[in-house]
There are 2 protein chains.
Amino acid sequence: MSEVYAARRAQLRERCEANGSEAALVCGEANARYLAGGAPAGSVLLVGPKEDLLVCVSDPFADAALDRPADDLRVMVLPHAEGDPAVAAAERAVAAGAGSIAVEEHHLTVARHRAVRSVAPRMRLHDLGTAVEQQRVVKDDEEISWLRISAEIADQALGELLESILVGRTERHLALELERRLVDHGAAGPAFPTSVGTGPNSGRAGHVPSDRRVEEGDFLSVCLGADYRGYRSEIARTFVIGTSPADWQIELYEQVFAAQRAGREALAPGRSYRDVDRAARVVLEAAGHGERLGPRMGHGVGLENDEDPRLAPSAMGKLDACVPVTVDPGVHLPGRGGVRIDDTLVVRPEADGGPELLTITTKELLAL
Amino acid sequence: MSEVYAARRAQLRERCEANGSEAALVCGEANARYLAGGAPAGSVLLVGPKEDLLVCVSDPFADAALDRPADDLRVMVLPHAEGDPAVAAAERAVAAGAGSIAVEEHHLTVARHRAVRSVAPRMRLHDLGTAVEQQRVVKDDEEISWLRISAEIADQALGELLESILVGRTERHLALELERRLVDHGAAGPAFPTSVGTGPNSGRAGHVPSDRRVEEGDFLSVCLGADYRGYRSEIARTFVIGTSPADWQIELYEQVFAAQRAGREALAPGRSYRDVDRAARVVLEAAGHGERLGPRMGHGVGLENDEDPRLAPSAMGKLDACVPVTVDPGVHLPGRGGVRIDDTLVVRPEADGGPELLTITTKELLAL
């Protein structure tokens with residue numbers, strides 16, 4: 001187990017040395033967790049010249065609900081949760097004789113950066129940039145197995161909801177019930193705030209559930225995910241409430257479905273991020289929805305629900321095998337509602353059967 | 001309504017001018033919301049030399065579930081949620097001819113600060129520090145009325161839980177049920193992740209609910225709060241499961257209760273923060289629990305669950321009237337469990353009857 005995390009830290013250490021940094025200060029929570037194996041919120045990981053140290057504000061061994069750091073990793077718990085773990089870690093780097101250290105300038109506030117500098121005045125501070133985020137893009141088999149379980153849990157929670165009575169219930173309550181079911185099925189919690197949109201709210205990305213109640217004839221769009229061992233898949237589906245969907249609903253659904261399928265079919269190792277975005281986007285542009293589309297047609301998932309790669313028109317880079325991504329186009333017609341269809345898939349080479357679909361709930365337009 | 005927010009921004013503007021800044025860039029989410037009246041997550045507020053502008057990544061008027069910005073406030077929504085609102089706001093400040101701007105260096109990352117500087121190379125960037133946080137400490141009548149409702153909701157949710165069967169249910173499920181009940185009673189959601197600790201987990205501050213099930217003889221400690229209009233009260237209670245508590249449970253409960261009462265009784269305008277901490281702390285130190293105490297015996301509540309003032313040994317400052325705070329001592333005995341008792345109160349002068357207790361659930365040691 002712990003070899004995995006030691007290897008990840010060794011890879012980062014090499015990267016730092018190549019860039020002239022003797023140590024790295026990892027403040028991004030998901031980044032620290034990725035390299036440490038487990039880390040309480042607010043922890044900072046020092047990947048040091050001599051040894052690595054996880055500085056925590058709460059004791060990771062005292063809390064049964066937390067994933068624990070790898071056994072071989074030294075852990076320091078700040079007494080009474082006082083002080084800044086980043087500062088404590090920097091002090092250790094100085095003590096270890098590091099002359100330069102790379103920090104994550106996109107995670108560290110100006111005030112914390114100044115505090116770090118104040119305890120390490122002679123140390124050169126470099127920008128680690130998104131080195132750890134990039135390291136996290138391609139997942140190993142265990143990470144993918146956890147995402148697979150995360151997706152199964154979300155499928156189960158969603159499947160159960162579809163069997164219950166929906167008319168008359170509020171978006172807020174449907175979202176809460178879904179989150180309870182996620183936990184029933186073994187999730188640590190929701191991967192992100194569950195979004196439920198009804199009627200005019202349906203199809204809006206990241207819609208915050210309101211007190212609006214489900215009505216006959218509504219579109220109902222649901223976006224949820226399960227946190228399993230910290231890994232976060234994502235699924236969105238849109239349904240129609242009542243016996244038969246209206247013509248405009250059928251038409252819009254078919255357009256979004258076609259776009260989402262085109263995006264899924266574009267997933268392959270070596271394919272550029274923007275190509276995947278383009279494949280889904282053109283379908284909806286052709287249908288006249290170009291102005292209503294979000295900035296991207298999908299994104300990576302892992303320890304964060306929304307991580308690299310971004311499948312967007314301006315994104316640089318190409319897909320690799322074993323990269324889990326979402327394909328999640330949606331169209332919202334102001335005042336009427338909309339459709340969102342979102343799957344989590346793992347990029348696989350054609351020889352292995354192409355993209356692996358993790359979220360298997362049907363994408364037929366169901367009338368509930 | 002919107003006059004309130006305009007007045008808050010005017011106060012900040014005066015403060016900035018006094019410190020030689022022509023504008024302020026407010027990136028802290030609660031700070032932006034406090035000054036704007038409502039703001040979607042990620043919004044940045046420019047309190048400008050000529051006019052104020054809220055820059056959002058999503059449209060606050062399209063989402064029924066969001067509190068809307070004050071009517072008189074100009075709002076700019078970034079197309080497709082692209083770009084950094086702080087950068088867009090800084091560009092507007094430059095266009096407005098501001099020569100200097102104060103930024104919240106404790107909220108802005110080094111990378112964002114650099115991005116802001118790059119679009120405003122000639123502008124002097126100062127540190128706004130915690131000016132807005134300080135402005136938020138004393139609440140107006142409306143803010144206190146929202147906290148009062150928030151506390152009522154938490155009392156109701158807790159009261160209902162106590163009437164249900166607890167033995168055999170997991171910490172995770174009890175926490176989820178409490179959060180559902182908060183919403184049932186009108187909360188937008190939980191004020192913070194609900195903490196439920198049983199047996200050896202009881203009494204641990206911020207314990208993350210696990211799969212441990214409630215057993216006969218357990219201490220059960222619960223900490224929850226409701227988000228009402230963005231305002232977040234906090235309550236914690238500890239109960240015993242079964243017919244009669246053990247002697248050590250009664251003794252520990254009485255010690256924590258005495259400390260919590262001493263802290264509550266110390267709340268008065270003009271009383272120093274550290275005095276309140278001291279009043280509660282000495283009781284538990286005398287009982288031999290000094291080493292097991294957290295860094296503080298209470299904290300402010302408002303738009304954030306944990307905000308200024310900090311009631312801690314090293315805290316500087318004195319309480320004012322109309323400052324809502326928690327008094328939340330707790331003791332956890334490793335392996336055995338512990339007790340946490342937490343109320344939200346509003347500091348009031350003696351003439352007005354002293355501190356106003358918002359969370360009214362009984363603090364007797366109930367055997368459930």
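Every chain is numbered from 1 and lettered A, B, ... according to where its sequence line falls, protein lines coming before strand lines. Only this structure's heavy atoms are used, side chains among them; waters, hydrogens and symmetry mates stay out.
Ranked by heavy-atom pairs under 4.5 Å with chain B, the first of His173(A), Arg180(A), His332(A), Arg296(A) is His173(A). The candidate with the highest count of non-hydrogen atom pairs below 4.5 Å against chain B, out of Val103(A), Asp184(A), Asp127(A), is Asp184(A).
Both the backbone and the side chain of Ala188(B) come within contact range of chain A, with heavy atoms under 4.5 Å apart. For Pro209(B), the part lying near chain A is the backbone, with the side chain staying farther off; criterion is any non-hydrogen pair under 4.5 Å. Using a 4.5 Å cut-off between heavy atoms, Ala187(B) touches chain A through its backbone atoms (N, CA, C, O) alone.
Of all residues spanning residues 107-116 of chain A, those with a heavy atom less than 4.5 Å away from chain B's heavy atoms are His107(A), Leu108(A), Thr109(A), Val110(A), Ala111(A), His113(A), Arg114(A), arranged by number.
Shortest non-hydrogen contact noted between Arg172(A) and Val183(B) is CD-CG1, 3.3 Å.
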